[in-house]
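Single-structure report; data block below.
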Amino acid sequence: VNGVGVQVLEYDGDSKILLCTGTTVPTADSSGFAKGCLFIKTDAANGTRAVYENQGTTSAAAFSRVGETQKAEQVALTDTATVTAAQLLKRVLDGTPTTAATYTLPTAALLVDALAGASVGDSFLFFVNNKSTGANTITVAAGDGGTGDGTLTVAQNVVRAFVVIITNVTSGSEAVSYTHLTLPTK
């Protein structure tokens, strides 16, 4: 991409790169990377941070190292539930549904309110872990003001990663997108 060797792992709905890996961080003159795109530097030294986020635009990327480590906590859920903003911000939804379940994410307004100082392009990851003892699927549903993209179902014994991107913070018009990330396996 623009002379930078990256392996693209995920595109957004506008065919912009949402998740990629490589050994060279894309430069400021790079284009085609979504706002909030995550780049994983595969040859980072042990003990150093290797994840970068595009805080620029789709036509002029500006990748910054993601520097703040956020503690993940598990939230136990069973059957169909409305997930609160506080629960989602704990980053891991551990589901043990006894039947097919839908986990409805918080409204965009509640989520933007819970993220003090949120701005357009802010993003974070969360995970849904389906620990059901039966073949019960969890469906992730966006709350009001949210849009989902990618695979929004989580089968038994599967963990899915999602990126949340804030797309509007205007009071009364808050909006977020939830995109399933396909992570590489070996």
Q) Quick one: does T170's side chain have a donor or acceptor within less than 3.5 Å of a partner on S173's backbone? A) no

(Q) So does G172 get a backbone contact from the side chain of E174, meaning a donor-acceptor N/O pair under 3.5 Å? (A) yes

Interatomic spacing from [atom1] in [X] to [atom2] in [Y] - rounded to 0.5 Å:
X: T84; Y: L105; atom1: OG1; atom2: CG; result: 10.5 Å
X: L152; Y: R160; atom1: CG; atom2: CZ; result: 9.0 Å
X: L19; Y: I40; atom1: CG; atom2: CD1; result: 5.0 Å
X: S123; Y: K35; atom1: OG; atom2: NZ; result: 9.5 Å
X: L115; Y: L89; atom1: CG; atom2: CG; result: 5.0 Å
X: T23; Y: Q7; atom1: OG1; atom2: CD; result: 11.5 Å

Q) Among N130, T78, V154, whose side-chain contact (heavy atoms from CB on, under 4.5 Å) with P97 holds? A) N130

Q) side chain to side chain contact (heavy atoms under 4.5 Å, CB included) with V120: which residues, sequence neighbours excluded? A) V169

Q.
Please enumerate all residues that pass side chain to side chain contact (heavy atoms under 4.5 Å, CB included) together with K90, with sequence neighbours excluded.
A. E73, V75

Do you know the tightest heavy-atom contact between [X] and [Y]?
X: Q87; Y: T82; result: OE1-O, 4.0 Å
X: G145; Y: A108; result: O-CB, 3.5 Å
X: S59; Y: S31; result: O-CB, 3.6 Å
X: A141; Y: T102; result: CB-CG2, 3.8 Å

Check whether any side-chain heavy atom of [X] sits under 4.5 Å from a side-chain heavy atom of [Y], and report yes or no.
X: D122; Y: I165; answer: no
X: T153; Y: T151; answer: yes
X: V140; Y: V128; answer: yes
X: L88; Y: F124; answer: yes
X: N54; Y: F39; answer: no
X: L9; Y: L181; answer: no
X: V6; Y: P26; answer: yes
X: Y103; Y: V83; answer: yes

Q) Are F162 and Y178 close enough that their ring centers fall under 6.0 Å? A) no

Q) Under 4.5 Å between side-chain heavy atoms, hopping through other hydrophobics if needed: is there a path connecting L110 to I166? A) no

Q: Tell me, please, which residues at least two apart from F63 pass ring-ring contact (aromatic ring centres under 6.0 Å, His included).
A: F33

Q: Indicate whether the side chain of Q156 and that of T137 have a donor and an acceptor atom separated by less than 3.5 Å.
A: no

Q. Cut-off 3.5 Å, side chains only: do D79 and T98 have a donor facing an acceptor?
A. yes

**Q.** T96 and S132: CA distance, side-chain angles, deciding distance, side-chain contact (heavy atoms from CB on, under 4.5 Å) verdict
**A.** CA-CA 4 Å; T96 53; S132 176; 5.8 Å; no

Q.
So for atom CG, which belongs to N168, do other residues, nucleotides or ligands contribute more than 12 heavy atoms lying within a distance under 6.0 Å?
A. yes

Q: Apply side-chain contact (heavy atoms from CB on, under 4.5 Å) to K131 and N157, showing your working.
A: CA-CA 5 Å; K131 299 162 93 175; N157 298 322; 5.9 Å; no

